Amino acid sequence: MRPSAVKGTYDILPDDQPRWRALLRTTARVLGRAGVDEITTPVFEHREVFDKSVGESADLVVQKEMYTFEDRGGRWLTLRPEFTAGVLRAFIEHGMHTWPTPVKLWSAGPAFRAENVQRGRFRQFHQVNCELVGSASALLDAEAIALLVDTFTALGLPGVHVKVGSVGDPEDRERYNAYLREALVPQQQALSEASRERLRLNPLRILDSKDAGDQALLAPLARPLDMLAHAAREHFDAVTDTLSAWGVPFELDASIVRGLDYYRRTAFEVHHAGIGAQSALGGGGRYDGLVANLGGPDVPGIGWAFGIERVLDALEGEGVALPARERALAYLVALDQEAVAEVAQLARSLRAEHRVEHGYVARNPGKGLRDADRSGARVAVLRGSREREAGAVVVKDLRTGEQLVVALDDLAEHLRVVASEAPTADGIPTTGGGVAR
RNA sequence: GUGGAUGUAGCUCAGUCGGUUAGAGCACCGGAUUGUGGUUCCGGGGGUCGAGGGUUCAAAUCCCUUCAUCCACCCCA
């Protein structure tokens, strides 16, 4: 039996790498220009970091979706199921509350959840995460949402829907949960099994149910947004007013609920219709109180994450052009044994400027050119006894078939000229490939 | 955890009233073409038909079990 990747994991092969790089490069540019700096935190943390942050009614906990294990030192560790807790742990650990406010941090990397696999849902998946910490201003909420939208815009992704709502302050939430209990307990027999469980643990989350019966019961009821106290309502209005003023497109979602318990006030999601049953590209919200909860100073913050796989899936579905793998500018062919060492050394010097590949065995011109062609190189450079006598190489343009003898001393300059020519007809960049947005 | 679909060559897939040595396209290797590739032509290698068991004179094909993958429920990125 052939070995296989663990269920829910997969390989990102060479052909896929450029689009990942392009996405990350674009993200880094958009966020960087907004003063968001990159931070890298470990993929695992003490389990308490997540246990404290995620909340006991979150599905991550309820469904035991976290990868938690004991290491050889008897430490209990958890593979991060999301980024926020780890980033805030670093925020606390490094005293970032003393940094200029707000502290803006983004990250990218793998996250892990022991869930069942389907399209857009993996056990090891990848996220881009962004945290804006240290301000309770509605301006920060608007900026966070705008940055998420701006990133998708910069990637050239059409068809995104931004939903913005508010889960209120803890008191609002409590009041709403009590309201839901009062309204639904008498009819709980009509609820789906999952929602009856939610009714006990966290009634708010019944709003998430896709069960038609549940939704029918909910239809006449008020939404969280309808029951916000003054402070949260005012904050929410300020956020949406700002987004409108900035021209950031969004839809109000009165019943938005997020999967993690720590959210306060603003909550938002970005959806896309073309990625299967999992329509969420990303989401986030405000988490005032979470830093304190994790043992740090009581500073407010807001953050979001999007799933890289899902965004790439959406981009592909929308037919957005993404860069292909970089191909060599030149492929050096050794026509005899002596030339093998010669082309290897020649390649080394040319690599100061270009992607250059070469053969490792002597080939006849037919095989050598085939090797060069298959490497995708723009030109083949042939070296054999005839060339050696002339102190030269033969350079053949693999697209046009033109070839000429070039003195070794002139080769670097010649390749410079080739590289500066317009991209080839098939659009494959010959060097330094990739999309710059 | 539950449901559906699918497992045949490196890849994408044909192939079931059960019947000889299991096929195609692409890919790979060689030759036409030992100093000229990508096109073309010729040839070749490569399969325990996901695994195990059963029925049968005979199983890729029928039955049972099991595993895997995909999709969906649930939930989320």
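Because only heavy atoms are used, hydrogens play no part in the values below, and waters and symmetry mates are left out as well, while side chains stay in. Convention: sequence-line order gives letters A, B, ...; per-chain numbering from 1. Remember, predicted model here, so these are calculated numbers, not experimental data.
Between the base of B:G1 and the side chain of A:Asn116 there is a donor-acceptor pair shorter than 3.5 Å. Looking at A:Arg113, its side chain comes within 3.5 Å of the base of B:A77 through a donor and an acceptor atom. For A:Arg121 against B:C71, no side-chain N or O and base N or O form a donor-acceptor pair under 3.5 Å. Contact annotation: side chain of A:Gln118 to base of B:C74, donor-acceptor pair present below 3.5 Å. For B:G38, its base never sits under 3.5 Å from the side chain of A:Asp373 at any donor and acceptor pair.
Comparing the C1' positions of B:C62 and B:G3 gives a spacing of 25 Å, expressed to the nearest Å. B:U6 and B:G45 have their P atoms separated by 33 Å, with the value rounded to a whole Å.
Between A:Arg386 and A:Glu389 no salt bridge is recorded (no basic side-chain N to carboxylate O distance below 4.0 Å).
Across every strand in view, B:G25 sits in a pair with B:C11 that passes the Watson-Crick or G-U test at under 3.5 angstrom. With a cut-off of 3.5 Å on both Watson-Crick or G-U wobble distances, the partner of B:U34 is given as none. Pairing for B:U69 goes to B:A5, judged as Watson-Crick or G-U wobble with the two contacts each under 3.5 Å.
A:Gln124 comes within 4.0 angstrom of no nucleic acid atom, judged by non-hydrogen atoms across all strands. Looking at heavy-atom distances under 4.0 Å, A:Arg370 makes contact with sugar-phosphate atoms alone, never a base.
With B:G35, B:U36, B:C73 as the candidates, the nucleotide lying closest to the side chain of A:Glu387 is B:G35. Nearest nucleotide to the side chain of A:Glu115, out of B:A77, B:C73, B:G35: B:A77.
One can place NZ of A:Lys7 at 11 Å from P of B:C71, the figure rounded to the nearest angstrom.
Ring planes of A:Phe306 and A:Trp304: parallel class, angle under 30° (limits at 30 and 60°). Between A:Tyr10 and A:Phe122, the two ring planes are tilted [angle within 30° to 60°].
An OP1 or OP2 oxygen of B:C28 is reached within less than 4.0 angstrom by a side-chain nitrogen or oxygen of A:Arg374.
An aromatic stack links A:Phe125 and the base of B:A77, using centre distance under 5.5 Å and interplanar angle under 30°.
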